[in-house]
Amino acid sequence: MTQIGSSSASSRLPLPSGHGAITLAWAAATDVGHRRQVNEDSFVVEPPIFAVADGMGGHAAGDLASEAVVRRLGDVISDGFVTPAAIGLALAQAAHDIAHLDGTALVGAGTTVTGMALTVSGDDPYFAVFNVGDSRVYRYLSGDFEQVTVDHSVVQELVDAGAITRGQAENHPDSNVITRAIGFNEPPMPDYWMLPLEPGLRLLACSDGLSKELSDEVIHQALAAGRAAEETAAELVRAALESGGRDNVTVVLVDVLEVEPGA
C-alpha cells in the first residue's frame with residue numbers, strides 16, 4: 001500500500017443491492033523533496049480508500065508511523081464500500097501499532113492522516129472524508145473550490161479565534177505545530193465530512209509538503225485545468241518542488257467520472 005513514485009488507475013464500481021454504479025479515476029504521486037533524506041509520507045489508493053499519511057517530521061520513525069496507518073487502512077479494503085466506523089477502528093489499530101514499534105529510539109513516533117473513503121448512506125454513494133492533523137483534502141466541482149478538512153494545528157486555532165488571518169497563518173512560527181495526530185500514546189480523534197458523489201467531482205488529498213508550498217489559488221487552477229488525474233497529480237508535485245520542495249510532498253487525486261442510477 002505504501003508507494004514511492006506514482007500510481008494511477010480507473011474502475012467502474014457497482015453500488016450495493018444493484019442500485020447503480022460509479023466510475024472513478026485516480027492517481028497518486030510523491031517525492032522526497034529537496035531537503036529531506038527520507039520520505040516519511042505514505043499513501044493508499046485502492047477503492048474504497050484513498051488516503052495520505054505524513055509521518056511527523058523531526059520525530060523518530062515517522063516513515064514507520066505513516067506506513068502503519070496506510071497498512072491498517074489497507075486491511076479494511078474490500079470489493080464493497082466502507083463505513084466511517086471501520087475507518088475509525090483502523091486508525092485506532094494503527095495508533096496501537098505505532099505505540100508498540102520496536103526500539104527505544106522510536107518513542108514519540110506519530111503521523112497525520114487524511115483521505116476519502118467510499119461509503120453508502122441509504123442507497124446513495126458518498127465520500128466519507130476523514131482527517132487527523134494538518135494534511136488536507138480539497139474539493140473541486142463545477143468551478144467551485146474549497147478546503148474540506150480543517151487543520152488540527154495551533155495556527156488554525158488562532159485563525160478560528162480571530163487572532164491572525166489565514167494569510168498570516170502560512171508564515172507563522174508555529175505553523176508546523178499540530179494539535180492532533182495518530183500516535184504519541186493518544187487515542188485518534190478523526191473528523192469526518194460526508195460528500196455526495198456527483199459526476200465531475202474532483203477530490204485532492206495531500207500532505208502539507210504541497211499546501212505549504214502552493215497557494216490555494218495555484219491548487220485551484222491545477223484542479224480546474226481539466227487534465228487527467230495522473231497528469232494533474234504529477235503537475236502538483238512538480239510545482240511544489242519548483243516552489244522550494246522543503247518537505248516530502250504527496251498528492252492523491254480522485255475523479256468521479258460517472259454516477260449511474262439504479263434500475
Side-chain angles (χ1 to χ4, degrees), residues 1-4 28 30 32-33 35-46 49-77 82-117 128-137 148-157 174-193 205-212 246-252:
M1 298 303 171
T2 305
Q3 301 183 32
I4 302 301
T30 188
V32 68
R35 299 188 183 181
R36 304 288 189 181
Q37 299 301 310
V38 175
N39 194 339
E40 295 183 312
D41 290 355
S42 300
F43 65 82
V44 55
V45 282
E46 185 176 347
I49 297 175
F50 308 88
V52 173
D54 179 358
M56 301 296 290
H59 292 282
D63 55 337
L64 297 181
S66 67
E67 287 174 2
V69 166
V70 299
R71 184 171 58 251
R72 284 298 187 177
L73 289 173
D75 288 345
V76 299
I77 286 174
V82 66
T83 65
I87 296 294
L89 177 59
L91 297 183
Q93 292 170 330
H96 178 270
D97 295 343
I98 293 168
H100 291 83
L101 288 170
D102 291 334
T104 56
L106 304 186
V107 175
T111 183
T112 71
V113 65
T114 198
M116 303 80 72
V129 173
F130 55 95
N131 182 64
V132 180
D134 64 350
S135 295
R136 294 178 177 177
V137 169
V148 177
T149 56
V150 177
D151 295 351
H152 298 136
S153 67
V154 168
V155 293
Q156 183 62 51
E157 292 180 354
D174 292 331
S175 62
N176 290 322
V177 180
I178 66 172
T179 55
R180 295 190 205 174
I182 308 294
F184 305 111
N185 297 308
E186 295 289 338
M189 297 176 60
D191 290 334
Y192 297 95
W193 298 261
C206 64
S207 61
D208 68 350
L210 184 82
S211 58
K212 284 188 167 61
R246 293 167 291 178
D247 198 355
N248 311 145
V249 55
T250 302
V251 304
V252 167

Minimum heavy-atom separation for [X] to [Y], with atom names?
X	Y	result
Asn248	Val32	ND2-O, 2.9 Å
Ala28	Val252	CB-CG2, 3.9 Å
Ala99	Asn185	CB-OD1, 3.5 Å
Phe130	Ala51	CZ-CB, 3.9 Å
Thr114	Cys206	CG2-O, 4.2 Å
Asp41	Gly55	OD1-N, 4.4 Å

Between [X] and [Y] (side chain of the first, backbone of the second, donor and acceptor by atom type, cut-off under 3.5 Å), is there such a pair?
X	Y	answer
His100	His96	yes
Ser207	Thr250	yes
Asn131	Gly133	yes

Open item on the list: Determine whether Val251 and Thr30 satisfy the following criterion, side chain to side chain contact (heavy atoms under 4.5 Å, CB included), listing intermediate values before the conclusion.
Closed with: CA-CA 6 Å; Val251 304; Thr30 188; over 6 Å; no
TODO: Determine, step by step, whether Ser42 and Ser66 satisfy the side chain to side chain donor-acceptor pair (under 3.5 Å) criterion, reporting the C-alpha distance in whole Å, the side-chain angles of both residues, the deciding distance to 0.1 Å, and the verdict.
DONE: CA-CA 6 Å; Ser42 300; Ser66 67; 2.8 Å; yes
TODO: Please test Ile87 against Ile49 for side chain to side chain contact (heavy atoms under 4.5 Å, CB included), starting from the C-alpha separation and ending with a verdict.
DONE: CA-CA 9 Å; Ile87 296 294; Ile49 297 175; 3.8 Å; yes
Task: Validation row: Thr112, Met56 side chains within 4.5 angstrom (heavy atoms) - done: yes
Task: Within-4.5 Å side-chain heavy-atom neighbours: Leu73 and Leu91 - done: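 With C-beta onward as the side chain, the pair touches.
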Could you measure the distance from the [atom1] atom of [X] to the [atom2] atom of [Y]? Nearest 0.5 Å is fine.
X	Y	atom1	atom2	value
Glu67	Leu101	CD	CG	10.0 Å
Arg35	Arg246	CZ	CZ	6.5 Å
His152	Asp191	NE2	CG	3.5 Å
Phe184	Ile178	CZ	CD1	6.5 Å
Thr149	Met116	OG1	CE	10.5 Å
Asp247	Lys212	CG	NZ	8.0 Å

Task: All ring-ring contact (aromatic ring centres under 6.0 Å, His included) counterparts of Phe50, not counting sequence neighbours - done: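 Partners of Phe50 by the ring-ring contact (aromatic ring centres under 6.0 Å, His included) criterion, ordered by chain and then number, come out as Trp26.
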Task: side chain to side chain contact (heavy atoms under 4.5 Å, CB included) between Val150 and Trp193, worked out - done: CA-CA 10 Å; Val150 177; Trp193 298 261; 4.2 Å; yes
TODO: Determine, step by step, whether Arg136 and Asp208 satisfy the salt bridge (charged side-chain N to carboxylate O under 4.0 Å, His left out) criterion, reporting the C-alpha distance in whole Å, the side-chain angles of both residues, the deciding distance to 0.1 Å, and the verdict.
DONE: CA-CA 7 Å; Arg136 294 178 177 177; Asp208 68 350; over 6 Å; no
